[in-house]
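The structure appears right after this line, and notes come after that.
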Amino acid sequence: MTQTRKKVAFHTLGCKLNFSETSTLARSLNPDLYERVDFSSLADIYVINTCSVTEAADRKCRQAITKTIRKAPGSYIIVVGCYAQLKPGEISAIKGVDLVLGVNERFNLHKYIDRIEKEAPEFSYTCTDHDQSRFESSFSLGDRTRSFMKVQDGCDYMCSYCTIPLARGKSRNQSIEKCVLDAKKIAANNIKEIVITGVNIGDFGKSTGENFYTLLKELVKVEGIDRYRISSIEPNLLTDDIIKLVNDEPALLPHFHIPLQSGNNRILGLMRRRYQREVFEERVQKIKELMPFAAVGADLIVGFPGESEEEFNDTSNFISKLPLSYLHVFSFSPRKDTPAALLPGPVGAAEKHRRSKLLQRLSENRKLGFYRENTGKSYKVLWENIPENGFVSGFTENYIRVFKRSSEEITGTIEEVTLGRMNAYGDFII
């Protein structure tokens with residue numbers, strides 16, 4: 001008699017790194033025993049891969065957990081990832097959660113799931129595997145256009161506001177040789193673009209005596225991958241050699257996302273960042289000198305403890321003078337067991353909201369200006385989604401989103417287009 005496969009649904013919160021790891025977890029399950037279904041549908045087992053970068057991220061994780069329990073009270077609920085690593089007791093206390101696995105233990109998910117029927121109805125494992133030298137290879141499949149490939153994990157920077165080193169441990173990576181093998185596996189699935197991900201990818205090589213520049217040089221040799229996009233890289237680790245290589249290699253896309261966090265040097269010191277704003281400015285200018293139409297984005301935290309109005313204005317004025325394409329703005333939230341949580345001079349919620357809105361408006365203006373600068377230019381677009389309402393969308397090399405009227409299935413194809421005039425919403429439609 002044929003055994004009925006259990007339905008398993010996955011949900012990912014947080015960064016691109018989590019998406020690569022969720023995909024790897026799903027592929028680890030025996031397809032003869034388990035059928036992956038959409039998270040919105042009813043399933044026998046739900047796996048929620050969590051993030052804990054901010055208090056808001058923790059709240060979203062709790063909401064996702066409780067919503068899933070209400071939807072399917074008779075299903076097994078498994079919570080994994082960074083939030084599970086940092087607060088396993090808090091999650092285990094939620095009635096309806098059956099299994100809690102941290103950042104390392106989640107890669108044994110297939111073993112735990114296979115034991116479900118052999119255990120008592122309610123069981124919970126806490127996060128006891130703290131081996132910070134272990135690296136788990138991960139990359140996403142299933143999306144026919146791009147794959148998120150993890151090349152590095154953990155972080156040694158210990159910024160004063162961040163819990164990621166507590167959750168993911170020290171910086172580590174697999175060898176360039178193994179990264180190339182992963183890229184070849186991705187290419188074998190007819191995927192055109194790889195997004196290179198990690199916690200601190202510019203630190204690549206610490207485990208193996210290699211470096212990120214050499215990794216990029218080897219990855220572009222892999223046949224079948226047309227595009228590589230660097231997810232995010234610290235300004236002090238973005239070298240002239242890396243910038244020049246991106247300029248010289250067509251497969252390396254002219255898109256840089258560089259965490260800044262503050263444009264005021266005193267606040268950067270309190271954050272324990274490893275650079276001053278002059279380093280960030282010099283990196284941006286170097287990129288634009290070689291690649292005038294490259295996309296350059298930045299992360300910013302507003303309302304850090306002790307940030308005065310003058311210091312916020314200093315950041316805003318600094319950003320206003322730089323040729324950035326967009327900003328990702330976050331309001332500071334104190335995290336337990338971090339030095340920043342104990343700093344004096346907290347900024348009120350209303351003031352953080354005001355400052356955030358000001359920088360978000362600046363970001364919108366910068367994005368619009370960047371799009372205008374590129375009007376009339378020709379780029380290659382990787383079409384990414386199935387036609388919906390008569391439109392399909394994709395991104396240029398320099399991260400400009402383009403829409404096309406199409407009823408055809410062109411997902412996964414690359415087409416050279418000319419960016420015409422934008423519509424009233426600031427979108428390019430060809």
Side-chain angles (χ1 to χ4, degrees), residues 13-18 50-61 81-87 90 103 132 152-171 198-203 231-237 257-277 279-280 297-312 314-316 318-319 327-360 363:
L13 296 130
C15 61
K16 296 178 177 68
L17 183 56
N18 269 4
T50 61
C51 172
S52 190
V53 69
T54 62
E55 179 59 39
D58 285 1
R59 185 168 58 253
K60 287 180 181 178
C61 291
C82 290
Y83 181 41
Q85 180 72 40
L86 292 172
K87 298 180 180 179
E90 182 176 300
V103 294
Q132 296 185 337
Q152 183 273 342
D153 203 349
C155 187
D156 296 340
Y157 273 21
M158 301 303 291
C159 296
S160 66
Y161 53 84
C162 187
T163 59
I164 298 304
L166 301 176
R168 287 187 172 265
K170 294 185 178 299
S171 179
V199 176
N200 186 0
I201 61 175
D203 209 28
S231 60
S232 177
I233 186 167
E234 294 285 314
N236 56 304
L237 298 176
H257 189 85
I258 313 171
L260 172 60
Q261 311 306 9
S262 175
N264 178 269
N265 282 338
R266 190 186 79 86
I267 298 299
L268 286 174
L270 290 176
M271 290 177 169
R272 299 185 184 176
R273 301 292 286 167
R274 297 195 178 189
Y275 54 85
Q276 292 193 316
R277 72 183 194 176
V279 172
F280 181 89
D299 291 330
L300 284 166
I301 298 173
V302 300
F304 194 80
E307 182 188 59
S308 67
E309 178 71 10
E310 291 75 20
E311 287 166 330
F312 168 74
D314 189 34
T315 289
S316 182
F318 175 70
I319 290 295
L327 305 172
H328 287 171
V329 183
F330 304 88
S331 293
F332 172 79
S333 62
R335 311 296 289 141
K336 184 181 178 182
D337 299 324
T338 63
L342 304 176
L343 288 175
V347 178
E351 179 60 17
K352 283 191 286 189
H353 180 74
R354 184 188 72 85
R355 295 178 186 183
S356 178
K357 285 294 184 184
L358 288 173
L359 291 185
Q360 287 169 3
S363 177

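In this structure a side-chain-to-backbone donor-acceptor pair under 3.5 Å is missing from Glu351 to Gly348. At distances below 3.5 Å, at least one donor-acceptor pair connects side-chain atoms of Ser333 with backbone N or O atoms of Glu55. At distances below 3.5 Å, not a single donor-acceptor pair connects side-chain atoms of Gln152 with backbone N or O atoms of Gly198. Here the side chain of Ser363 pairs no donor or acceptor atom with the backbone of Val329 at under 3.5 angstrom. Counting only distance, with no hydrogens or angles, the side chain of Ser160 and the backbone of Leu270 share a donor-acceptor pair below 3.5 Å. Of the possible polar contacts, none joining the Asp153 side chain to the Val199 backbone as a donor-acceptor pair under 3.5 Å is found.
Here the CG atom belonging to Leu268 is positioned 7.5 Å from the OG1 atom belonging to Thr315, to the nearest 0.5 angstrom. In this structure, Ser356 OG and Phe312 CZ are separated by 8.5 Å, a value rounded to the nearest 0.5 Å. Put simply, CG on Asp337 and OG1 on Thr163 are 9.0 Å apart, with the number rounded to the nearest 0.5 Å. Note that CG of Leu260 is 5.0 Å distant from CD1 of Ile319, once rounded to the nearest 0.5 Å. Atom CG of Leu86 is separated from atom CZ of Arg168 by 10.5 Å, given to the nearest 0.5 angstrom. Once rounded to the nearest 0.5 Å, the distance linking CZ of Arg273 with OH of Tyr161 reads 4.0 Å.
The nearest pair of heavy atoms linking Leu13 to Asn18 is O-ND2, 2.8 Å. Residue Gly263 comes nearest to Phe318 through the heavy atom pair CA-CD2, 3.8 Å, listed as atom of the first residue, atom of the second, then distance. Shortest non-hydrogen contact noted between Gln85 and Ala167 is CG-O, 3.4 Å. Nearest heavy-atom pair across Ala340 and Pro305 is O-CG, 3.7 Å. The heavy-atom pair separating Phe280 from Ala298 by the smallest distance is CZ-CB, 3.8 Å.
Ion pairing of Asp314 with Arg277 is present here, as a side-chain N (NZ or NE/NH1/NH2) and a carboxylate O approach within less than 4.0 Å. Taking the charged nitrogens against the carboxylate oxygens, Glu234 and Arg274 have no contact shorter than 4.0 Å, which rules out a salt bridge. Look at Lys352 and Glu307 and you find no salt bridge, because none of the NZ, NE, NH1 or NH2 atoms lies under 4.0 Å from a carboxylate O.
Checked by atom type, the side-chain pair Ser316/Arg355 shows no donor-acceptor distance below 3.5 Å.
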Take Arg266 and Glu310, measure what salt bridge (charged side-chain N to carboxylate O under 4.0 Å, His left out) needs, and give me the verdict at the end.
CA-CA 12 Å; Arg266 190 186 79 86; Glu310 291 75 20; over 6 Å; no
Asp299 and His257: CA distance, side-chain angles, deciding distance, side chain to side chain contact (heavy atoms under 4.5 Å, CB included) verdict
CA-CA 8 Å; Asp299 291 330; His257 189 85; 2.8 Å; yes
Using the side chain to side chain contact (heavy atoms under 4.5 Å, CB included) rule, take Tyr275 and Gln261 through it: C-alpha gap first, then chi angles, then the decisive distance, then the call.
CA-CA 11 Å; Tyr275 54 85; Gln261 311 306 9; 4.3 Å; yes
Could you walk me through whether Lys357 and Arg354 pass the side chain to side chain contact (heavy atoms under 4.5 Å, CB included) test, one step at a time?
CA-CA 5 Å; Lys357 285 294 184 184; Arg354 184 188 72 85; 5.9 Å; no
Between Asn200 and Ser171, is the side-chain hydrogen bond (donor to acceptor under 3.5 Å, both in side chains) condition met? List the steps.
CA-CA 8 Å; Asn200 186 0; Ser171 179; 5.9 Å; no
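At least one side-chain heavy atom of Val103 sits less than 4.5 Å from a side-chain heavy atom of Cys82. Using a 4.5 Å heavy-atom cutoff, the side chains of Pro259 and Ser232 are in contact. A 4.5 Å side-chain heavy-atom check between Glu90 and Tyr83 finds at least one atom pair inside the cut-off. A 4.5 Å side-chain heavy-atom check between Asn236 and Tyr157 finds at least one atom pair inside the cut-off.
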